[in-house]
Amino acid sequence: MSLITKAVCSCVFVAMSHMAFAQNSPYTDIPSSFDFPASQEMLNHFIKTRNVSELRRHAWYLWAGINQPTPEGEPIWETWYQPHEVFRAPGATPQGPRIRRFEAPRQHDVAHTGPVPHAPGASLFSFVMFNQAARDHIQQEQLYLSSKLDQINDEFDDQSWEERNIPDFPPDAVVLKVVWWPVQATGLTALPVWDNDPANRVSPTTPRPSNPRTEWKRVVAIDPSEELFLPGRTTESIKYEGKDFRDAKIVSLDDFYHVKLDDSMVEAARKVPGVGNVQVGDYLALIAMHVTTKEIPDWVWATYWWHDDPTMDVYAADRINEVTGVWRNYLMDASYDFDLPKEYDGAPNAVINPYLEARFANGISSNCMTCHGRAMWPLPAFLPITRGENDDFHNDQVEEFEDGQDPAYDGTRTRLDFLWSLGFRVQQSIQ
């Protein structure tokens with residue numbers, strides 16, 4: 001029995017509905033029986049010994065833990081805090097039903113790669129969530145104020161970038177990026193599916209072109225009603241981004257965790273630039289999520305995405321029995337180190353979410369830790385996408401970095417403890 005397995009008690013889990021209820025549940029933390037927060041010493045041992053299986057099992061326990069149902073049936077992460085509840089002056093947190101406030105994923109907002117599509121099924125909605133420990137740290141340290149970040153940065157003199165840090169988040173801090181796909185209430189909605197096709201691979205040491213979802217080779221057709229599941233009919237022709245996909249596999253909306261759009265959610269969703277065609281009664285299907293925890297100094301980085309074959313490839317490996325129901329339809333990858341475990345040719349570790357990073361040049365061969373390690377104040381440019389500790393791996397190959405010097409590490413900025421969301425939210429609030 002593994003160390004992590006020993007840390008988790010035998011529990012009986014309550015079945016939950018695939019669709020969220022109204023957000024009436026009080027705040028709920030990850031239950032202690034899900035190995036959180038794990039021992040830093042134990043995780044570092046697994047990293048040092050390259051015990052990928054145990055590291056993946058821990059990421060699966062995180063997935064099982066955050067998706068435990070509240071008494072009302074929603075996963076507990078739905079009770080956590082959105083940025084408008086975190087980046088504001090201290091005070092009582094509003095109680096009662098929470099209103100989801102949507103936006104385009106930051107990865108898409110900063111890329112400037114073209115207009116946001118307008119139709120349901122053609123664009124992403126997203127929001128960031130903070131657990132209590134993360135929210136309290138931001139509030140107590142006044143990290144929601146640009147003036148506070150400026151003060152911290154100004155207090156450093158000639159220290160190197162490694163020594164210029166905001167106060168570290170506590171080990172039980174968790175931050176999520178939640179990504180949704182609009183699904184129309186009637187008929188079929190296309191969803192592109194990333195199959196990690198070997199034909200699209202090149203050597204990890206070679207800078208790669210982008211692989212946006214509009215270029216993926218396959219889509220599924222999401223049916224919200226199941227009325228189209230006639231005897232012998234499992235596929236349908238469907239269009240996605242102007243392309244015809246014959247024999248697209250029909251999948252049920254119940255294969256996803258999903259929410260039904262009410263008046264308040266439609267009002268919030270329509271504020272996302274370029275997206276105005278969602279209607280009351282449409283749905284949002286959860287297709288991806290980044291989960292990061294401060295269990296180790298450089299955070300644990302786990303990412304999950306939906307797939308119609310949840311047994312696919314290495315991304316399903318080590319899934320634990322405690323991941324139940326609809327949550328077993330999601331694949332996972334995780335990063336605990338900038339470089340380890342090495343890729344097959346000795347290159348630094350690559351961990352990505354196809355719905356978020358694949359659209360960037362080098363995105364499929366990037367590492368989330370490397371990206372978030374560049375989160376500094378004042379904010380540097382988000383792009384380009386690279387990997388390896390301190391960007392060493394790609395610095396000499398990225399034209400945007402003059403003489404191979406990443407401006408994020410020029411010694412004039414303060415590290416934001418890996419959280420781009422901290423800098424972006426504060427920057428948005430500057431008047």
Side-chain angles (χ1 to χ4, degrees), residues 13-34 36 59-87 93-103 105 124-136 138 172-183 253-269 272 278 280 282-293 302-306 322-330 332 353 355 421:
F13 300 100
V14 179
M16 69 172 292
S17 168
H18 294 172
M19 189 172 78
F21 293 84
Q23 293 178 291
N24 293 318
S25 303
Y27 176 87
T28 307
D29 264 321
I30 297 174
S32 59
S33 56
F34 288 88
F36 177 80
W60 282 123
Y61 274 119
L62 290 174
W63 186 239
I66 67 172
N67 288 314
Q68 287 302 290
T70 68
E72 288 75 16
E74 60 191 357
I76 62 173
W77 57 262
E78 287 267 34
T79 72
W80 294 4
Y81 301 100
Q82 286 194 245
H84 66 277
E85 300 171 296
V86 176
F87 293 88
T93 301
Q95 297 299 309
R98 290 201 171 104
I99 298 175
R100 298 178 181 90
R101 296 189 180 182
F102 302 103
E103 59 188 19
L124 300 180
F125 291 96
S126 177
F127 48 68
V128 176
M129 306 288 284
F130 300 81
N131 78 338
Q132 189 77 51
R135 174 191 176 274
D136 288 352
I138 291 171
D172 56 345
V174 187
V175 182
L176 315 176
K177 178 183 283 291
V178 186
V179 183
W180 308 86
W181 191 257
V183 177
L253 181 62
D254 286 338
D255 291 339
F256 303 78
Y257 177 71
H258 61 277
V259 299
K260 191 171 186 177
L261 290 171
D262 59 18
D263 289 325
S264 65
M265 286 190 285
V266 167
E267 181 181 358
V272 178
V278 292
V280 173
D282 287 346
Y283 300 90
L284 294 181
L286 179 71
I287 59 167
M289 188 187 297
H290 282 329
V291 178
T292 184
T293 73
T303 191
Y304 310 81
W305 64 96
W306 186 90
E322 286 80 359
V323 176
T324 60
V326 71
W327 305 110
R328 294 188 69 84
N329 294 336
Y330 295 81
M332 182 270 291
N353 191 302
Y355 287 102
S421 57

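Owing to the predicted nature of the structure, the values given are computational and were not obtained by experimental measurement.
For the pair Ser126 (side chain) and Val178 (backbone), a donor-acceptor distance under 3.5 Å is present. In this structure, the side chain of Thr28 does not engage the main chain of Ile76 through any donor-acceptor pair within 3.5 Å.
Minimum heavy-atom separation, Ser421 to Phe87: O-CZ, 4.2 Å. Of all the heavy atoms in Pro31 and Gly65, the pair that sits closest is CD-O, 3.8 Å. The two atoms that bring Ala64 and Glu322 nearest to each other are CB-O, 3.5 Å, heavy atoms only.
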Check: Where do Trp63 and Met289 land on the side chain to side chain contact (heavy atoms under 4.5 Å, CB included) test, with the steps shown first?
Finding: CA-CA 10 Å; Trp63 186 239; Met289 188 187 297; 3.9 Å; yes
Notebook entry, point to check: Going through the checks in order, is the side chain to side chain contact (heavy atoms under 4.5 Å, CB included) test met by Trp77 and Val291?
Noted result: CA-CA 11 Å; Trp77 57 262; Val291 178; over 6 Å; no
Check: Yes or no on side chain to side chain contact (heavy atoms under 4.5 Å, CB included) for Met129 and Val175, after CA distance, side-chain angles and deciding distance?
Finding: CA-CA 6 Å; Met129 306 288 284; Val175 182; over 6 Å; no
Check: Would Val183 and Leu253 count as a side chain to side chain contact (heavy atoms under 4.5 Å, CB included) if you check the C-alpha gap in whole Å, the side-chain angles of each, and the deciding distance to 0.1 Å?
Finding: CA-CA 8 Å; Val183 177; Leu253 181 62; 4.3 Å; yes
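Here the straight-line distance linking atom CD1 of Ile287 with atom OH of Tyr330 works out to 9.0 Å at 0.5 Å rounding. The distance from atom CD1 of Ile30 to atom CG of Asn131, rounded to the nearest 0.5 Å, is 7.0 Å. The CE atom of Met265 sits 8.5 Å away from the CH2 atom of Trp180 when rounded to the nearest 0.5 Å. Considering CG of Leu62 and CE of Met332, their distance stands at 9.0 Å, rounded to 0.5 Å. Here the OH-CG distance, from Tyr304 to Asn353, works out to 11.0 Å after rounding to the nearest 0.5 Å. The CG atom of Asp29 sits 12.5 Å away from the CD1 atom of Ile66 when rounded to the nearest 0.5 Å.
Both the sub-6.0 Å distance and the 45° axial angle are not jointly satisfied by Arg135 relative to the ring of Phe130.
By the 30° and 60° cut-offs, the orientation of the rings of Tyr355 relative to Trp181 is tilted.
Side chains of Glu78 and Tyr257: a donor-acceptor N/O pair is present below 3.5 angstrom, by distance only.
Between Leu286 and Val179, the closest side-chain pair of non-hydrogen atoms is not below 4.5 Å. Counting heavy atoms from C-beta on, the side chains of Asp262 and Lys260 never come closer than 4.5 Å.
Between Tyr283 and Phe256, the gap from one ring centroid to the other reaches at least 6.0 Å.
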